[in-house]
Amino acid sequence: MAFGAKGTDEYADAVQRPSTPDRNLALELIRVTEAAAIAAARWSGRGDKNAADGAAVDAMRFVLGAVAMDGIVVIGEGEKDEAPMLYNGERIGDGRPPEVDVAVDPVDGTTLTAMGRNGALAVIALSERGTMFNPGPCFYMKKIAVGPRGRGCVDINASATDNLTELSKRLKKPIQELGVVILDRPRHDDLVAEVREAGARVISITDGDVAGAIATGWPNSGADVLLGIGGTPEGVIAAAALKGLGGEIQGVLHAQSPEVKREAEALGYDFTRVLKTDDLVASDNCFFSATAITDGDFLRGVRFYDFGATTQSLVVRSRSGTIRTIETFHRHDKLQEFNSAGL
């Protein structure tokens, strides 16, 4: 078979392009979260969480358009409307292999960003097509997450006290030294009381339970376990991160109203099933990238200087088990290119 110049190039490209996500995607994903974090950081402390989120969405969308993948957004900013956004079901990337599922949270911690508080991240997760759990109308789930040393010793159907007792044995540290991450919500008042009664330390967070889950798998973060009801989309993203970090997450869907439960059950969702890490992200070849918008337990937030900006990012690949932290210097003239694109 004879090929012209164009045909030869297309054939060679098709041969060289992997059908499954490879390690080269890691750097691409860092560029995505860096762009989102820098855009959101310009709104840090300015009291407008919607503006911060919108800027991050636009930046993330702009960079994702050039990423070498055929992606479908499984977890995004919601249903499509008149405003540009990374909506559920959207096709992203340059349209060529590999075929992947994508979960995005341009700002994990919009209120944290708006108020200039610590712990806000720009995050993205990616796995092979058809392997990422689609939350559908189930926005909330009960969760328990631990790092690699605690994997296999917790049970979401057990009491908090029992889980803390088992975790204490596994980690070989007194319950009084365990750090328990819990979202600061009225629904957790009884949980907080039980954890304190057991003797453990509560690490209360106002937002950003993706960061809270990651902290359980990060050395010297002070967090040993995450407990409580949080977002289902955030649970899926956290699962992708914890697969690479060697940790574990379990979840049970939680309906915020009888109407939501009936709608979800009609679609086949089971509110009694325990969703484990591999149920939330079934692929053993998934990626996770996070860039800090504001300072956190394991990454420093965006800093602006006369030359441009610096970012710190975390990128994880489950297949290789590699965990990288990357500091990037962004020149001012290059950042202006993003600004001229409306970011």
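Hydrogens, waters and symmetry mates play no part in the numbers below; they use all other heavy atoms, side chains included.
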Would you call [X] and [Y] a salt bridge, using N to O less than 4.0 angstrom?
X: E34; Y: R31; result: no
X: D284; Y: R319; result: yes
X: R185; Y: D209; result: no
X: R96; Y: D70; result: no

Would you call the rings of F329 and F307 parallel, tilted or perpendicular, where under 30° means parallel and over 60° means perpendicular?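 Correct class here is tilted.
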Between [X] and [Y], do the side chains contain an N or O donor and an N or O acceptor separated by less than 3.5 Å?
X: Q312; Y: T291; answer: no
X: T131; Y: S283; answer: no
X: S289; Y: T33; answer: yes
X: T310; Y: H330; answer: no

Can you tell if the side chain of [X] reaches within under 4.5 Å of the side chain of [Y], non-hydrogen atoms only?
X: L178; Y: S168; result: yes
X: I144; Y: V225; result: yes
X: Y269; Y: P135; result: no

Test: salt bridge (Lys or Arg N to Asp or Glu O under 4.0 Å). Region: residues 103-123. Which pairs qualify, not counting sequence neighbours?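 Checked against salt bridge (Lys or Arg N to Asp or Glu O under 4.0 Å) - neighbours excluded - no pair reaches residues 103-123.
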Run through M69, R317, M132 and flag the one making a side chain to side chain contact (heavy atoms under 4.5 Å, CB included) with L126.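 Checked M69, R317, M132 against L126; only one passes side chain to side chain contact (heavy atoms under 4.5 Å, CB included): M69.
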Tell me whether the count of non-hydrogen atoms from other residues, nucleotides or ligands lying under 6.0 Å of [atom1] in [X] goes above 12.
X: R324; atom1: CZ; result: no
X: E327; atom1: CD; result: yes
X: K173; atom1: NZ; result: yes
X: N220; atom1: CG; result: no

Mind running salt bridge (charged side-chain N to carboxylate O under 4.0 Å, His left out) on E177 and R201 for me, showing each step along the way? CA-CA 7 Å; E177 295 180 10; R201 301 176 301 110; over 6 Å; no
Please, which pairs that meet ring-ring contact (aromatic ring centres under 6.0 Å, His included) have at least one residue in residues 179-221, sequence neighbours excluded?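 Output for this query lists W218-F298.
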